[in-house]
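Before any comments, here is the structure.
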Protein chains: 2
Amino acid sequence: MRVVIAECSVDYEGALVAHLPLATRLLMVKADGSVLVHSDGGSYKPLNWMAPPCSMTELDPDEAEREEGVQAVWLVRHGKREDTLRIRLYAVHSDTAHELGVDPGLVKDGVEAQLQALLAEHITTLGEGYTLLRREYPTAIGPVDILCKDADSGTVAVEIKRRGDIDGVEQLTRYLELLNRDPALTVRGPVQGVFAAQLIRPQARTLAVDRGIRCVTLDYEALRGMDDAESRLF
Amino acid sequence: MRVVIAECSVDYEGALVAHLPLATRLLMVKADGSVLVHSDGGSYKPLNWMAPPCSMTELDPDEAEREEGVQAVWLVRHGKREDTLRIRLYAVHSDTAHELGVDPGLVKDGVEAQLQALLAEHITTLGEGYTLLRREYPTAIGPVDILCKDADSGTVAVEIKRRGDIDGVEQLTRYLELLNRDPALTVRGPVQGVFAAQLIRPQARTLAVDRGIRCVTLDYEALRGMDDAESRLF
DNA sequence: GTGTGGATTTCGCGT
DNA sequence: ACGCGAAGTCCACAC
């Protein structure tokens, strides 16, 4: 990895056209050729970048550029798309390279999958007498997170989100529409919908209620607590 | 901005739990205190990070850590949430700091707003005799990108996307439902929907057609070309 | 401040 | 490879 601190201006042309005026920034050139332009603030997102696969060529500045004080020009081209990143270097404060090697990568734990597993395990959180049919119940337009039965053997489809947005309600609505065409699932009446999330946004709740979908707020800590209490019994 | 190349392991606890095994990585500490952990590949996204506002404390390793070869521990805490990032440094290869100053920021051009402006200007792209009513037509659930009339004075609502996904079709469907409750707009029949995008995904197209929404693929270059040809006339 | 929609989104999974 | 859904999404703009 090459790390350069330099006064530079940047021009990107591809999906959009973007320009960065002259300022001091950090330039990162990764082993795969990708280039990142970072400022000293903002978030983890660079001001500008070129995604791999791509290649970088160092050009000599032309006459006009030289007069303006440009010392070097980096031309970064994407391997497949018509994307170019042109970095004009006016002053290089630091230029170093380091051998990093391949990264073993991130180990994650505790996202939507975890919520789904916990809720499936403690399906009675949704109501007395609920029983799990299956997780990831397949339909033509995608898998339903959880399919279960209520105390009266009525079918219930559950959509789980970390944050409950309108999109999630729409998604569940499409599933319900499809599931309700299956006679085997509707023997005890139409399939009910449950929208379960750690946080349900007001507009999403309104839409859900309007469509007869029940909203359930999930307490991740409480679910995990149940799990722990259970495991301590064995 | 502080830039450190070091052998390190990283543990994040917050919205999720994540761990990075020991490896050589680049650590970036920005002026606002945010910390980025980058590997020598991937995209612009760091392997792990802490978003501002946050504060970093350098701790001495405890006994167990010292035995394992840990030289220093960075504890990064988020200012508002219960998020912590713990970076254990085993060997520091480089540690430098640079004054970058405030960045003037990115100047953008050519995204959805541009597409909308171009299509509004050349509304007959949608059909002979079409006339623009207005852009960003306000409704209770948000603005409709373009509202126009067809040759028979029927109202047409247009949703514009760079990439046409199912979400966009749902969005337009909600708008149409609302617009069709307005008698003033439905004098010449129900409001028609047009889903316009540079690329329309098959599933989105299927859903749109199923709902009687017309799909139009936008040619950004062609629209811009019309614009140029027009401006040359004046 | 909060909520909503877009993104040069990126990432990962399943077909 | 492609399509689709999630993300510790981030970010700007409207209310």
Side-chain angles (χ1 to χ4, degrees), chain A residues 10 12-18 34-37 42-52 54 76 78 80-85 105-106 108-113 115-116 136 138 141-143 145 159-163 165-168 170-171 174 197-199 201-206, chain B residues 12-18 34 37 42-52 54 78 80-85 105-106 108-116 136 138 140-143 145 159-168 170-171 174-175 197-207:
Chain A
V10 182
Y12 168 76
E13 279 193 43
L16 58 73
V17 174
S34 59
V35 179
L36 281 62
V37 182
S43 66
Y44 65 69
K45 201 175 178 182
L47 293 165
N48 221 319
W49 72 92
M50 182 63 75
C54 62
V76 188
H78 195 272
K80 295 182 173 179
R81 284 171 295 177
E82 286 275 321
D83 289 23
T84 59
L85 190 67
L106 193 66
K108 275 192 188 182
D109 179 28
V111 262
E112 192 192 302
L115 272 176
Q116 195 192 104
E136 302 285 350
I141 54 170
D145 286 343
E159 176 64 35
I160 300 170
K161 293 277 180 239
R162 204 171 58 79
R163 279 157 65 164
D165 264 313
I166 279 183
D167 288 6
E170 298 287 15
Q171 197 180 340
R174 289 196 298 273
Q198 282 186 286
L199 172 78
R201 292 231 167 105
Q203 295 212 4
R205 185 182 293 273
T206 304
Chain B
Y12 167 77
E13 280 193 43
L16 59 75
V17 174
S34 59
V37 181
S43 67
Y44 67 68
K45 202 175 177 181
L47 293 165
N48 222 320
W49 71 94
M50 183 62 75
C54 62
H78 195 271
K80 295 182 174 181
R81 284 171 295 178
E82 286 275 320
D83 288 24
T84 60
L85 191 68
L106 193 66
K108 277 190 189 184
D109 181 26
V111 263
E112 192 193 302
Q114 195 87 8
L115 271 176
Q116 193 193 106
E136 302 286 350
I141 54 170
D145 285 344
E159 177 63 35
I160 301 168
K161 293 277 180 240
R162 203 171 59 80
R163 278 158 63 167
D165 264 312
I166 279 182
D167 287 7
E170 298 286 13
Q171 197 179 343
R174 289 196 298 274
Y175 288 144
Q198 283 185 285
L199 172 78
I200 298 178
R201 292 232 167 106
Q203 295 211 3
R205 184 181 295 271
T206 303
L207 184 64

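Naming convention: chains lettered A, B, ... in sequence-line order (proteins, then strands); numbering from 1 in each chain. A quick note: this is a predicted structure, and the numbers were derived from the prediction, not measured.
Under the side-chain contact (heavy atoms from CB on, under 4.5 Å) criterion, B:L199 pairs with B:R163, sequence neighbours left out. Under the side chain to side chain donor-acceptor pair (under 3.5 Å) criterion, A:E170 pairs with A:R211, B:R174, not counting sequence neighbours. Residues satisfying the side chain to side chain donor-acceptor pair (under 3.5 Å) test with B:E13, not counting sequence neighbours, are none. Take B:D165 and apply the side-chain contact (heavy atoms from CB on, under 4.5 Å) test, not counting sequence neighbours, and it matches B:R201.
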Between the protein and nucleotides 12-15 of chain C, which nitrogen or oxygen pairs come in under 3.5 angstrom?
none

Pairs: protein N or O with nucleotides 13-15 of chain D N or O, under 3.5 Å:
none

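Among the nucleotides C:dT10, C:dG6, D:dA6, the one closest to any side-chain atom of A:Q171 is D:dA6. In this structure, the nucleotide among C:dT10, D:dC10, C:dG5 sitting nearest to the side chain of B:S43 is C:dT10. Candidate nucleotides D:dA6, C:dG6, D:dC10 were compared by shortest atom distance to the side chain of B:E159, and C:dG6 ranks first. Comparing C:dT10, C:dG6, C:dG5 by their closest approach to the side chain of B:K161 singles out C:dG6.
Here the C1' atom of nucleotide D:dA7 and the CG atom of A:L106 are 12 Å apart, to the nearest Å. Rounding to whole angstrom units, CD1 of residue B:I200 and P of D:dC2 are separated by 18 Å. One atom, CG of B:D145, and another, C1' of C:dG6, lie 11 Å apart when rounded to the nearest Å. B:I166 places its CD1 atom 15 Å from the C1' atom of D:dC2, with the value rounded to the nearest Å. Rounded to whole Å, atom P of C:dT10 lies 15 Å from atom CG of B:D165. Rounded to whole angstrom, the span from the CD atom of A:Q198 across to the P atom of D:dA7 amounts to 10 Å. As rounded to whole Å, 11 Å separates atom P of D:dA6 from atom CD of A:Q116. In this entry the distance linking CZ of B:R163 with C1' of C:dT10 reads 10 Å, nearest Å.
Heavy atoms of B:M50 sit under 4.0 angstrom from at least one base atom. Note on B:A18: nothing from the nucleic acid sits closer than 4.0 angstrom, heavy atoms only. Residue contacts shown for B:Y44 are limited to sugar-phosphate atoms, with no base heavy atom under 4.0 Å away. Using a 4.0 Å heavy-atom distance criterion, B:R81 is classed as making no nucleic acid contact.
Nearest heavy atoms, B:L106 versus A:A18: CD1-CB, 3.8 Å. Closest non-hydrogen pair, A:P52 versus B:G42, comes out as CG-O, 3.5 Å. Considering every non-hydrogen atom in both A:V37 and A:P46, the closest pair reads O-CB, 3.3 Å. Of all the heavy atoms in A:S34 and A:M50, the pair that sits closest is CB-O, 3.3 Å.
Remark on DNA chain D: of its neighbouring residues B:W49 and A:G42, the 5'-side contact belongs to B:W49, judged by nearest-heavy-atom nucleotide. Take the nearest nucleotide of DNA chain D for A:K80 and for B:D167: the residue whose nucleotide is more 5' is A:K80. Across the interface with DNA chain C, nearest-nucleotide mapping of A:Y12 and A:A204 shows A:A204 to be the residue nearer the 5′ end.
To the nearest 0.5 angstrom, A:Q198 atom CD is 10.5 Å from A:I160 atom CD1.
Two residues are said to be in side-chain contact when any heavy atoms from C-beta on lie closer than 4.5 Å; B:Y12 and B:D83 meet this criterion.
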